[in-house]
*Asks:* 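Can you read through this structure? Questions will come right after.
Numbering of residues begins at 1 and proceeds along the displayed sequence.
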Amino acid sequence: MTRPVAALLPGVGRREVWSWAMYDFANSGYTTVVLTTVFNAYFVGVVAAGRTWGTLALTAALSLSYLMVMVIMPTLGARADAGGGHRRLLYASTVGCVAGTAVLASVAPGDIVWGLLWLVLSNVCYCIGESTVASFLPSLARPEAMGRVSGWGWSFGYCGGMLALGLSLWVASSAGAHGLTAQHYVPWIMLLTAGLFALAAVPSFLWLREPGAGDVQAAASMLSQLRRAWYETRSDFPDFRRLLMCIASYQAGITVVITLASVYATEVMGFTMKQTMLLVFLVNIGAAVGAFSFGYVQDRIGHRRALALTLSGWIVMVLLAALGHSLALFWTAAGLAGLCMGTSQSAARAMVGVLAPQRRPAEFFALWTFAVQLSAVVGPLCYGLLVWVTGGNHRVALLATGIFFLAGLLQLARLDFDRGVRARDTSA
């Protein structure tokens with residue numbers, strides 16, 4: 001195993017990288033508890049109880065939040081690059097997400113608009129923070145070590161998600177033992193999640209240094225900035241553009257798995273709540289192991305080949321889960337999904353870090369965020385439409401999700417990584 005210091009740029013210490021990885025640890029509790037396990041089910045089952053459109057309202061609100069991030073993040077990233085504002089942007093987004101999560105504790109049965117409003121605001125801030133902290137990666141890791149350093153952060157992040165989920169399960173179990181319902185204990189879980197996020201993010205603001213300021217560009221409107229950046233990738237960074245299209249394709253499938261795995265387990269496999277919790281733990285454990293270990297493999301065999309390998313694994317996972325009828329096969333598919341989730345997400349961040357111009361990391365990581373958020377809108381929406389069209393057939397919808405991973409492989413086949421590196425160096 002390569003020593004940590006050997007993977008870092010000169011002047012970067014272990015404490016700084018640890019503080020960077022701690023942000024992944026901090027924000028993972030939000031996605032695991034709020035978006036995947038607790039608040040989504042609480043909103044549909046309690047806040048919007050009795051409304052047949054409750055699930056649609058939830059997914060529409062999340063889609064709106066992703067669309068907002070798609071529009072505003074390129075401008076925020078460019079301004080952070082130009083003005084040395086990465087830390088300020090990270091801090092502001094963290095405060096917004098923590099505050100929004102805490103306010104979710106006040107959402108009671110019937111507070112549909114209030115709950116959706118704060119869910120949208122907290123998720124927008126989460127996405128901005130996720131993109132911003134990723135833009136620090138090129139200032140921390142050597143180009144040949146992007147994979148392993150990115151993997152350190154992702155694997156540490158999944159541990160944070162498991163901690164938040166474990167504490168939430170403890171709160172729910174304790175409350176249930178005293179005869180309390182979700183209406184009573186979910187607010188405490190939201191406060192716990194917000195507090196854990198705030199506490200775990202502190203090292204990032206103490207020891208994570210500001211990357212150097214990049215190119216100073218004239219202020220532009222949000223849409224103009226987004227359009228300019230996208231057209232520039234076509235003319236000057238075509239392989240970075242292909243990478244974005246690849247990420248947008250396969251990430252749509254990953255978002256389906258993250259958002260709807262619990263629904264599939266319940267509706268198709270007949271899982272109980274306890275089994276579903278164990279399923280989420282298994283996926284997170286696999287993701288942590290995959291992100292950490294595969295980063296070393298990625299740096300050894302090459303970014304493009306490594307991503308192709310993990311996308312092939314996703315296709316196998318979809319086939320096992322959609323066509324298999326035994327619990328053994330489904331648990332195997334869940335474990336494989338965890339491994340592939342950690343490797344593919346970590347690999348993408350590392351590849352963006354390698355191909356992004358050194359003086360414009362936040363702007364190009366904002367384009368990565370745009371691709372990820374676009375997939376977050378398209379993937380679950382397609383799944384939901386297929387379930388509706390097929391009369392509730394989740395197996396067909398999951399099987400069709402494999403098309404996203406196949407499309408990602410096809411885009412990846414057209415990507416010339418060495419040419420992308422030369423384009424990055426030419427722009428420096």
Side-chain angles (χ1 to χ4, degrees), residues 70 74 77 131 134-135 137-138 141-151 154 226 229-255 290-291 294-316 318 340-358 360-376 378-379 401-428:
M70 288 166 59
S131 176
S135 70
L137 180 60
R142 297 178 185 271
E144 67 273 14
M146 287 281 187
R148 76 198 74 163
V149 176
S150 178
W154 276 113
L226 179 61
W230 176 244
Y231 285 150
E232 186 180 4
T233 60
R234 181 174 64 181
S235 58
D236 299 336
F237 305 96
D239 290 291
F240 188 88
R241 184 186 180 99
R242 291 188 181 94
L243 176 61
L244 291 178
M245 296 172 68
C246 171
I247 292 172
S249 298
Y250 78 74
Q251 189 67 36
I254 294 177
T255 306
F294 203 76
Y296 292 88
V297 177
Q298 181 179 352
D299 289 336
R300 180 178 294 275
I301 69 175
H303 298 282
R304 185 169 171 270
R305 185 180 300 174
L307 185 56
L309 181 62
T310 191
L311 292 182
S312 300
W314 272 116
I315 294 174
V316 173
V318 168
C340 292
M341 188 180 302
T343 58
S344 53
Q345 290 179 318
S346 175
R349 183 165 68 177
M351 293 177 74
V352 171
V354 172
L355 296 183
Q358 294 181 357
R360 300 167 63 186
E363 184 179 2
F364 274 68
F365 269 101
L367 289 174
W368 167 64
T369 299
F370 179 90
V372 172
Q373 306 316 314
L374 176 63
S375 69
V378 173
T401 299
I403 296 176
F404 291 125
F405 299 114
L406 181 60
L409 271 176
L410 294 177
Q411 290 291 339
L412 185 63
R414 300 176 59 233
L415 191 154
D416 187 328
F417 199 80
D418 292 334
R419 184 175 59 195
V421 171
R422 291 194 297 270
R424 175 205 66 190
D425 294 338
T426 301
S427 69

*Asks:* Who passes side chain to side chain contact (heavy atoms under 4.5 Å, CB included) against Ala356, sequence neighbours left out?
*Replies:*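 Only Phe364 meet the side chain to side chain contact (heavy atoms under 4.5 Å, CB included) criterion with Ala356.
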*Asks:* Do Arg422 and Asp418 have side-chain heavy atoms sitting under 4.5 Å apart?
*Replies:*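 Arg422 reaches Asp418 side chain to side chain.
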*Asks:* Nearest 0.5 Å, please: how far is OG1 in Thr233 from CE in Met245?
*Replies:*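 Here the interatomic distance stands at 9.5 Å.
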*Asks:* List in chain and number order the residues that pass side chain to side chain contact (heavy atoms under 4.5 Å, CB included) with Val378, two or more places apart in sequence or in another chain; answer none if no residue qualifies.
*Replies:*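 Partners of Val378 under the side chain to side chain contact (heavy atoms under 4.5 Å, CB included) test: Leu374, Cys382, Phe404.
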*Asks:* Does Arg304 reach the main-chain N or O of Ala413 with its side chain, forming a donor-acceptor pair under 3.5 Å?
*Replies:*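 Yes: the side chain of Arg304 pairs with the backbone of Ala413.
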*Asks:* Closest heavy-atom contact between Ala308 and Leu412?
*Replies:*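 Scanning both residues, the minimum pair turns out to be N-CD2, 3.4 Å.
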*Asks:* Quick one: side chain to side chain contact (heavy atoms under 4.5 Å, CB included) partners of Ile301, sequence neighbours excluded?
*Replies:*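 For Ile301, the residues satisfying side chain to side chain contact (heavy atoms under 4.5 Å, CB included) (neighbours in sequence not counted) are Val297, Arg305, Ala306.
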*Asks:* Output all residues satisfying salt bridge (Lys or Arg N to Asp or Glu O under 4.0 Å) with Arg419, sequence neighbours left out; order by chain, then residue number.
*Replies:*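 With sequence neighbours excluded, Arg419 shows a salt bridge (Lys or Arg N to Asp or Glu O under 4.0 Å) to Asp239, given in chain and number order.
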*Asks:* Using the side-chain hydrogen bond (donor to acceptor under 3.5 Å, both in side chains) rule, collect all pairs that involve residues 245-254, keeping only residues at least two apart or in two chains.
*Replies:*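 Checked against side-chain hydrogen bond (donor to acceptor under 3.5 Å, both in side chains) - neighbours excluded - no pair reaches residues 245-254.
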*Asks:* In Å and rounded to the nearest 0.5 Å, what is the CG to CZ distance from Leu410 to Phe405?
*Replies:*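 Interatomic distance, Leu410 CG to Phe405 CZ, rounded to 0.5 Å: 13.5 Å.
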*Asks:* Among all residues two or more places apart in sequence or in another chain, which pass the side chain to side chain contact (heavy atoms under 4.5 Å, CB included) test with Val421?
*Replies:*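 Once residues adjacent in sequence are excluded, the partners of Val421 under the side chain to side chain contact (heavy atoms under 4.5 Å, CB included) criterion are Val354, Leu355, Phe417, Arg424, Asp425.
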*Asks:* Using 0.5 Å steps for rounding, measure from the CE atom of Met351 to the CG atom of Leu244.
*Replies:*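 These two atoms lie 10.5 Å from each other.
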*Asks:* Measuring from atom CG of Leu309 to atom OG of Ser344, what distance do you get when rounded to the nearest 0.5 angstrom?
*Replies:*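 Those atoms lie 11.0 Å apart.
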*Asks:* Output the distance between atom CD (Glu232) and atom CG (Leu367), rounded to the nearest 0.5 Å.
*Replies:*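 Between Glu232 CD and Leu367 CG, I get 9.0 Å after rounding to 0.5 Å.
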*Asks:* Give the intermediate values and the outcome of side chain to side chain contact (heavy atoms under 4.5 Å, CB included) for residues Trp314 and Ile254.
*Replies:* CA-CA 9 Å; Trp314 272 116; Ile254 294 177; 3.6 Å; yes
*Asks:* Who pairs with Thr401 by side chain to side chain donor-acceptor pair (under 3.5 Å), at least two apart in sequence or on another chain?
*Replies:*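 Residues passing side chain to side chain donor-acceptor pair (under 3.5 Å) with Thr401: none at all.
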*Asks:* Checking Ser375 now: which residues fulfil side chain to side chain donor-acceptor pair (under 3.5 Å) with it, not counting sequence neighbours?
*Replies:*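 Partners of Ser375 under the side chain to side chain donor-acceptor pair (under 3.5 Å) test: none.
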*Asks:* Measure across Ile247 and Ala371 and return the closest heavy-atom pair with its distance rounded to 0.1 Å.
*Replies:*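 Shortest heavy-atom separation between Ile247 and Ala371 comes out as CG2-CB, 4.4 Å.
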*Asks:* Of all residues at least two apart in sequence or in a different chain, which pass the side chain to side chain donor-acceptor pair (under 3.5 Å) check with Trp368?
*Replies:*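 Side chain to side chain donor-acceptor pair (under 3.5 Å) check on Trp368 returns nothing, list empty.
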*Asks:* Enumerate the residue pairs fulfilling salt bridge (Lys or Arg N to Asp or Glu O under 4.0 Å) with a member in residues 402-416, sequence neighbours excluded, ordered by first and then second residue.
*Replies:*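 Every pair satisfying salt bridge (Lys or Arg N to Asp or Glu O under 4.0 Å) with a residue in residues 402-416: there are none.
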*Asks:* Where is the tightest heavy-atom contact between Gly313 and Cys340, given as atom of each residue plus distance?
*Replies:*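 In this case the closest contact between Gly313 and Cys340 is C-SG, 3.6 Å.
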*Asks:* To the nearest 0.5 Å, what is the distance between CG on Leu307 and CG on Leu243?
*Replies:*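 It comes to 7.5 Å.
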*Asks:* Looking at every non-hydrogen atom in both residues, tell me the closest pair between Leu409 and Ser312 and how far apart they are.
*Replies:*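 So the two residues come closest at CD1-OG, 4.1 Å.
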